[in-house]
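Chain letters run A, B, ... following the sequence lines, proteins first, then strands; residues in each count from 1.
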Amino acid sequence: MTNLIQHFKKNFFKYHSDFQKKYQFNDKINFNQINFDIPNNLSHGHISTNALFIYLKSSTMEKTEIIKFFTKKLQSSSNVEKVEIAGQGFINIFFKKNYLISELININKMGDNIGKSNIGKNKKINIEFISANPTGPLHLAHSRGAIFGDVLSNILEKVGYEVTREYYINDAGVQIEKLGDSLYVRYCQLINQNEIDINEMNYPGDYLINIAKLILQNDKKKWLNVNTSKRKKYFENFAIKHILKIIKKDCKNMGIKFDLFVSEKKIIKEGIINSVFKKLKKDSLLYEGVLEKPKSINDPDWEPRKQLLFKSTKFGDDADRPFLKSNNDWTYFANDSAYHYYKIKRKYNKIINIWGADHIGYIKRMKSIVKVMSDDKIDFLIKICQLVNLKKDNKPIKMSKRSGNYISIDEIIKEVGSDVLRFFMLYRKNDTQIDFDLSKVLEKTKDNPIFYIQYAFARSNSVLNNANKIFKKINYKNIYNLENHIQYISDYEWKIINKILIWPNIIENAASNYEPHKIIYYLEDLSSMFHIFWNKGNENKDLRFIDENNYDKTLSRLYWINSFQLILKSAFDIIGIKPIKKM
RNA sequence: GCGCCUGUAGCUCAACUGGAUAGAGCACCAGACUUCGGAUCUGGGGGUUAAGGGUUCAAAUCCUUUCAGGCGCGCCA
């Protein structure tokens, strides 16, 4: 067992049954209300619980009697050093040093498996992220959702879930037609057929030129004389195919791999929408109606129109949502409903969507439709990633949509590297905005968190190397005499060891709240503690990692450095960046 | 106008989802380099958690009202 809380919880509930037997306690206790926390302040113990509050609330028993019972029970555990009742009624538990060290030994034994757990065992999760339209390369805003989704998947896998990473390709609709047209303009441009107005292009980015060149290479001027509908179809498909290639390459450069790409076209072709339509009809959730004019529209030509609407107001949405366009095509929302029904049918325990902030208004209708189509049986979560502001030297970099002049992921990775990009996209909670400063993120000072953490790893590595030289292959992965080593561990090191031991809880916490940033903040804390202890060694020779005259003392320090490194490596692996041994 | 998100130290953000004295980093002031890698560290000041009201043993966190900012709001995706 290497999860302090889990371990403790088990014992505690054993005591609870004893308690019940002895006092014939009329049990109305809501166990979900009993927390087992890791206090910020070590003076509040290694673990603390609010259980006493909960017991007091649901019983007429004397406080002192309850306290007496539990302190006695808790203290009888061989792991527990002391139990304190503090504050208005917290039970604080302090563990014995032997126990802490034995947990450290467990961590070192687990090696690469450190942090794994089985809370997601036999459960399947589907995570859909990026799903950017295949109309151009990915840009910075996409990368946040991309990296967030990827790392969240890693975390969920770590705690035992079976995760499907999915990308929905919006390869149907008006935008795709416009894309095909833009590609045709580029094609004509290449062969000096200038009768088409370049300013009319919807997708003016340079990437279409290269794709047009490919068509020219293969087919020469053939498409100038082909009938329009056949030509349109060809250019659309050609564009999608090659842009998808670019997107996949962007993903690969960020270290992201998908398990599944699902095409909107395919969803339409398979007619999944018909099942959705039937179901909604049956439940009387579709009707012909007229929507009010939305406040955002200032168009004087706006006219009310009768159309097929989905009754999403029934589920708390602000307005009912159109299902059919006036040309009798399904709306994007209708097709998306079909796509989500397709996900539901694949029987996941949970479906997660990662969206950009510009899709906030879409949440309610999507939740409504998923609720209906799954008979309220699927656990459906939408995580929103806020905007990313690109800067350089603290000045915003303007990006123009009109010229298609976005700074691409490709360029950013070339400038700062994928590790730095990944790190900073996770450095903030998903619902706050990020300032991404191309010059700041590369600074080699402690102000730069990724550097600071990498530097701690490099330093720790340097210690191990030096120790190896001095003691000729010291085996810091094993401890042979527990009691012997405990005497050498200083107060501050116990703090570090305690921090090391809560790593499994950090992962679980990040997983159960779907918040990857918790891992980053933990890493920053842990690294800081390492740097602090290092500096203590500069001030006080007794606190140096290596004591040439004392093998055992050195070993006692190298032993926790080994766990320190295991955690950093494991965390880096989850975040998707590489540890640097020497810098 | 409506919906969602946000509001925490001068700035950028945490806070184990209702827990104890609200924590870090920048910036500011004062210190430590014959160093296991000073690319670091030590100390200090700085807060009515936007404002009011409520819920309870306990509120930055939940409910409510107000204020401010962001995003979104019919046949784009």
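When heavy atoms are screened at a 4.0 angstrom cut-off, A:Asn448 is found touching no nucleic acid atom at all. At the heavy-atom level, A:Tyr521 lies under 4.0 Å from the strands shown only through sugar-phosphate atoms. Within the nucleic acid shown, A:Lys293 has no heavy atom closer than 4.0 Å to any nucleic acid atom. Nucleic acid contact for A:Leu291: sugar-phosphate only, since backbone atoms but no base atoms lie under 4.0 Å from a heavy atom of the residue. Nucleic acid contact for A:Gly173: sugar-phosphate only, since backbone atoms but no base atoms lie under 4.0 Å from a heavy atom of the residue.
For A:Trp534, the side-chain atoms get nearest to B:rG37 when compared with the rest of B:rG37, B:rA39, B:rA77. The nucleotide whose nearest atom lies closest to any side-chain atom of A:Ile532 is, among B:rU12, B:rU42, B:rA14, B:rU42. For A:His531, the side-chain atoms get nearest to B:rC41 when compared with the rest of B:rC41, B:rA77, B:rC16. Which of B:rA20, B:rA14, B:rG37 sits closest to the side chain of A:Asn466 comes down to B:rG37. Checking B:rG74, B:rA39, B:rA20 against every side-chain atom of A:Ala86, the shortest atom distance belongs to B:rA20. Taking every side-chain heavy atom of A:Tyr452 into account, B:rU40 is the closest of B:rU17, B:rU40, B:rU12. Closest to the side chain of A:Asp447, from the set B:rA14, B:rC41, B:rA27, is B:rA27. Checking B:rA20, B:rG25, B:rC76 against every side-chain atom of A:Lys325, the shortest atom distance belongs to B:rC76. Of the candidates B:rG74, B:rA39, B:rC41, the closest approach to any side-chain atom of A:Phe451 belongs to B:rA39.
The shortest distance between the side-chain N/O atoms of A:Lys429 and the OP1/OP2 oxygens of B:rA15 is below 4.0 Å. Side-chain nitrogen and oxygen atoms of A:Lys518 include at least one within less than 4.0 Å of the OP1 or OP2 phosphate oxygen of B:rA15.
Taking the six-membered ring where tryptophan is involved, the planes of A:Phe533 and A:Trp560 are perpendicular, since the angle between them exceeds 60° and thus also 30°.
Under a 4.0 Å N-O distance rule, the pair A:Lys266/A:Glu264 does not qualify as a salt bridge.
Taking atom CZ on A:Phe533 and atom P on B:rG37, their separation rounds to 15 Å, with Å as the unit. As rounded to whole Å, 13 Å separates atom C1' of B:rA32 from atom NZ of A:Lys446. The nearest whole Å value for the distance from the CD1 atom in A:Ile453 to the P atom in B:rG37 is 21 Å. Rounded to whole Å, atom P of B:rG31 lies 20 Å from atom CG of A:Asn538. With rounding to whole Å, A:Glu515 atom CD is found 9 Å from B:rA14 atom P. Computed from coordinates, the A:Asn540 CG to B:rU42 P distance equals 15 Å when rounded to whole Å. Going from atom CG of A:Asn509 over to atom C1' of B:rA14 covers 13 Å, rounded to whole Å. One can place CG of A:Asn535 at 11 Å from P of B:rC33, the figure rounded to the nearest angstrom.
The ring of A:Phe90 does not lie on top of the base of B:rG19; it is either too far (5.5 Å or more) or too tilted (30° or more).
For a distance-only test at 3.5 Å, the side chain of A:Asn40 fails to qualify as a donor-acceptor partner of the base of B:rA22. If you check distances only, the side chain of A:Asp431 never reaches the base of B:rU6 with a donor-acceptor pair under 3.5 Å. On a pure distance criterion of 3.5 Å, no polar donor-acceptor pair joins the side chain of A:Ser528 and the base of B:rA24.
For A:Tyr342, the ring pair (Phe, Tyr, Trp, His ring centres under 6.0 Å) criterion is met by no residue, not counting sequence neighbours. Under the ring pair (Phe, Tyr, Trp, His ring centres under 6.0 Å) criterion, A:Phe277 pairs with A:Trp330, not counting sequence neighbours. Checked against ring pair (Phe, Tyr, Trp, His ring centres under 6.0 Å), A:Phe8 has the following partners two or more places apart in sequence or in another chain: A:Phe36. Checked against salt bridge (charged side-chain N to carboxylate O under 4.0 Å, His left out), A:Glu128 has the following partners two or more places apart in sequence or in another chain: A:Lys343. When the ring pair (Phe, Tyr, Trp, His ring centres under 6.0 Å) test is applied to A:Tyr341, no partner is found at least two apart in sequence or on another chain.
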(request) Could you encode protein contacts along nucleotides 54-65 of chain B as a string, one character per nucleotide from 5' to 3', using B for base contact, S for sugar-phosphate-only contact and - for no contact, with a heavy-atom cut-off of under 4.0 Å? (result) ---B--------
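Within the structure, the salt bridge (Lys or Arg N to Asp or Glu O under 4.0 Å) test picks out no pair touching residues 327-341 of chain A (sequence neighbours left out). For residues 443-458 of chain A, there are no salt bridge (Lys or Arg N to Asp or Glu O under 4.0 Å) pairs, not counting sequence neighbours. Pairs of residues two or more places apart, or lying in two chains, that qualify as salt bridge (Lys or Arg N to Asp or Glu O under 4.0 Å) and include a residue from residues 421-440 of chain A are A:Asp150-A:Arg422, A:Lys391-A:Asp435. The stretch residues 496-520 of chain A participates, sequence neighbours left out, in these salt bridge (Lys or Arg N to Asp or Glu O under 4.0 Å) pairs: A:Lys499-A:Asp525, A:Glu515-A:Lys518.
For A:Asn41, the CG atom is densely surrounded, since the number of other residues' heavy atoms within 6.0 Å is greater than 12. In this structure, A:Lys265 places its NZ atom where more than 12 heavy-atom neighbours from other residues, nucleotides or ligands lie under 6.0 Å away.
Distance check on atom P: B:rG72 versus B:rU66 gives 24 Å, rounded to whole Å.
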Close N or O pairs between protein and nucleotides 68-73 of chain B (under 3.5 Å):
| residue | atom | partner | partner atom | Å |
| --- | --- | --- | --- | --- |
| B:rG70 | O2' | A:Gln433 | NE2 | 3.3 |
| B:rC71 | O2' | A:Ala357 | O | 2.7 |

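Geometrically, A:Lys536 engages A:Tyr492 in a cation-pi contact defined by less than 6.0 Å to the ring centre and at most 45° from the axis.
Residues from residues 457-465 of chain A placing a heavy atom under 4.0 Å of any atom in RNA chain B, listed by number, are A:Ala458, A:Arg459, A:Ser462.
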